[in-house]
Structures are given as structure tokens and as C-alpha cells.
Number of protein chains: 2
Amino acid sequence: MIRVLLAEDQAMVRGALSALLRLEPDMDVVASAADGQEAWRLIEQHKPDVLVTDIEMPGLTGLELAQRVRERGATCKVVIVTTFARPGYLRRALEAGVVGYLLKDAPAEQLADALRKVHRGGRVVDPQLAVDAWSEADPLNDRERQVLRLAGEGLSAGEVAAQLHLSQGTVRNYLSEAIGKLGVGNRIEAYRLARQKGWL
Amino acid sequence: MIRVLLAEDQAMVRGALSALLRLEPDMDVVASAADGQEAWRLIEQHKPDVLVTDIEMPGLTGLELAQRVRERGATCKVVIVTTFARPGYLRRALEAGVVGYLLKDAPAEQLADALRKVHRGGRVVDPQLAVDAWSEADPLNDRERQVLRLAGEGLSAGEVAAQLHLSQGTVRNYLSEAIGKLGVGNRIEAYRLARQKGWL
DNA sequence: AATTGCGATTGACATTCGTCACCTGCATGG
DNA sequence: CCATGCAGGTGACGAATGTCAATCGCAATT
């Protein structure tokens, strides 16, 4: 019997995934959580074999949750199930000791199989995504990332400068560098590209 | 026996929702589709009682699908299940004759109940959302919408003008109006706000 | 002590953006 | 017929943006 804990913020999807796993005779969904904080409490309480978690959740993200599981020495395997095929996410996930990374685009039958494989000590990662993850490194440094994030939300150079205690010119320089590194034409495209790659 | 057709682009979620509904003794998921086109074919083929559809799907969106169901006189009720609590979406959905609008944030148990209620001839709409939908009308006209969509993807005024066969100045005028109507400071914020409201 | 490297800054420049007032057709309806 | 809109365009102005080269301070080398 594989004891599973589910973390997913959208209640309807959470319930549906739970129903899906309950159909498997060798699976037991011991609990489910709507965010990372709650998931961590339930992990300590139930000691599940496998944690199945989304990435983008309020409070503690799935990636941060995976890190915590590793740091605090919890014994459970972590499998990420997410919408986002972002190389940066996968990379961070693997660095956090995650042993499975599935996309919500993948067929539903694949989930139970993946959990069994992981429970036996295997790894399951979308192969196409794995290639992208190691082929393209994040070219941005911390400052560029910060500046790009804020600029992408519509703040002007001056407003970004005020928030980060930098000068307006410096902000424009960082933005210019980020635009150059990403090979695009303006801050809007830079933000979109970085976001899509999971670098923001 | 309520005969249900499921349209949802994420395979894993589609499978999970299907499992969820199959648990109900009075529900029968007769087929499921990964996009709007496929869903329409399956509706003609299976004549389901209820169509449960997502909104954002490749090709034909859930809203367009609902419109088509109404226009072509298919008898099935339409229930939208989506991530997006956007007033504009709900408004368009209701105009298209949709009788149910649920959020993926809502508890999973609610889905089956909603389908039963709809099947009996009732309506199910998130009450909070219903208020927002009628309080705020979309202030943008078609041109402003088009221009804003393209500008939001990082195109410059000149590039947008080329695509729409307009002059550069006109494009900037439309953008300026959109920015004014939305009460924001630049095209980036305008795009984000319009998108969030479901107006894009 | 001199050198190298790096984060941050400055200033100058051309381009793009956001705003506004004002023009041009063109359909519509009194 | 005229006038009242309305979609689209023009031109001009100031502000914000994107690009570069040069500078400063400071820490880590050597």
C-alpha cells in the first residue's frame, strides 16, 4: 500500500486527483492540503510514502516545500505535478531532491504508474523537459531578476529604483543588460521570456 | 442517469475529473475532449445532457463552444469550470446561455451537485463572482482590445501598426485611450489589468 | 602597492511612448 | 442637404526607455 499525500491549491483539482488515486487498489490518499504550510504539517503528522505537489501555491510553493522535506530529513519521496513546463522550475526541483516531475498535460493514467515507480526507488521526469532544463542556463543575475520582475509589473524605471534603493540610471542599465542577454527588443518581451522559462 | 461530456485541455485534470464523476452512481461520462473542436464533434455524436468545459483551451475556447451550442440548437446544458474568476468571462458565458459557472477553487463535491441541479433545469453561479460581473463593464472597444493584446506581448507601436494595417500614430492613440480608460500609467499595467478582468 | 574585478553610478544620445489638439473621409439620419 | 458622429490619421511636445562609454569605490588578488 502506497501512502500518498496531496498538495494542490485548487480544491476541485485536488478532489479530482484524490478520486483518481483512490481508484487504484494499491494507493491510499492519507490526506490532502491546499497550500505548502498545511502540507508540511500533514507530512509530519502522517509520514506518507509519497508527496504529490503542485508548484504555484499560496504561501509555501511546491519547490520550497520539496526543499524543506529534504532539509528536515523527512523520508517521503516528492513528485511535482504542475502546469508549467519551465526548465528553471525542473532544474530547481531536481536540485531540491525531487524524484518525479510530471506535467498536467500528461495522461492521467501516468500518475499512478509514476508514483509506483518512484516508490520503488525510481525517477520519473518528462524527457523532453529534461533536455531543455540542462541545455539552457539562466543568464540573469540577481539584480537583473529583481529589476525585471518589477518592471514586468508595469513599474517605471524610477519606481523600480525607489523600491530597490538604486538610481534610475542603474535600473535602466540592468534592464538593458537583461534585454541584451535574452536577445529580445524591450522589457516586455524580456519579462515574458524570463517568466516562461521559469527564471523570474 | 446524467450523461456528461468533459472538455478540458490538461489531460491529467481531465482524467481526474472524469474519475471524480464516475464515482457518482447517477453520472455517466460518455466522452471527454482535449479542445473545443473535438468537444463539438463529440457533442453531435453523443448528445450528452450536460457539457462540462474549461475556458482556456487551444483552438476553440469554452466560451466560443458555449456560443456554438446555443446557436446550433444543441440540447445540452453548459457548465463552465475554470480557474479564472474574471467578471468578463462570466458575463460572456451568461450571454452565451451558460447555466453553470464554477471555479476550480470550489470544493470537488460541489461539481456533482451542480450538475444535478443544472440537469433539473436550475442555474449555478458563484455568487461573489456574479456581483462583480455586473458591476464592472468592459470599457474597451474592439480596436483598443486588439492593440492592447499585441502591445502586451512586447510589440512596439510600429509593429502593432504593421500587423493591423494602421498607422503608428493611431496605434499610440488607441493605447493612450486604453491606458486612460483603465486608469493606469502605461501599456504594461493596462495589459495586466485588462487581462485580469477577462477583457482581453 | 599595484592590479584586477565587480557592483553601482553618471551623463549623453537616439528612439520609443504617452498625450493632446486638430484634421479627413464617410456613413447616418434628421 | 447638412450636421452629427465616428474610425482613422497627422504633427508636435515632453517624458520614459534603451544603449554606451566612462567613472568611482571597494574587496580580493598578486
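In the text below, chain A, chain B and the rest are named by the order of the sequence lines, each starting its count at 1.
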Donor-acceptor pairs under 3.5 angstrom involving side-chain atoms of residues 66-79 of chain B: please list them, not counting sequence neighbours.
none

- Message: Other members of the hydrophobic cluster containing B/L23, with the 4.5 Å side-chain heavy-atom rule, please.
- Response: A/L23

- Message: Going by the rule side chain to side chain contact (heavy atoms under 4.5 Å, CB included), which residues pair with A/T83 if we only count those two or more places apart in sequence or in a different chain?
- Response: A/K104, B/Q10

- Message: Going by the rule salt bridge (Lys or Arg N to Asp or Glu O under 4.0 Å), which residues pair with A/R145 if we only count those two or more places apart in sequence or in a different chain?
- Response: A/D138, A/D142

- Could you list the residues that satisfy salt bridge (Lys or Arg N to Asp or Glu O under 4.0 Å) with B/R116, not counting sequence neighbours? B/E24, B/D26, B/D113

- Task: Scan residues 165-183 of chain A for pairs that pass side chain to side chain donor-acceptor pair (under 3.5 Å), counting only residues two or more places apart or in two chains.
- Result: A/E144-A/K181, A/S167-A/T170

- Query: Under the side chain to side chain donor-acceptor pair (under 3.5 Å) rule, what pairs show up with a residue in residues 42-53 of chain B, not counting sequence neighbours?
  - Reply: none

- Message: Using the side chain to side chain contact (heavy atoms under 4.5 Å, CB included) criterion, which residues pair with B/A190? Sequence neighbours excluded.
- Response: B/L148, B/I179, B/L182, B/V184

- Partners meeting side chain to side chain contact (heavy atoms under 4.5 Å, CB included) with B/A106 (sequence neighbours left out): A/M12, B/Q110

- Query: Contacts to DNA chain D from residues 150-167 of chain A, heavy-atom cutoff under 4.0 Å, which residues?
  - Reply: A/S156, A/A157

- Task: With A/R92 as the cation and A/Y89 as the aromatic partner, state whether NZ or CZ is under 6.0 Å from the six-membered ring centre and within 45° of the axis.
- Result: no

- Using a cut-off of strictly less than 4.0 Å between a heavy atom of the residue and any atom of DNA chain C, enumerate the qualifying residues of residues 168-193 of chain A by number. A/G169, A/T170, A/N173, A/Y174

- Counted 5' to 3', the first and last nucleotides of DNA chain C within 4.0 Å (strictly under) of a heavy-atom of chain A are C/dG7 to C/dT10

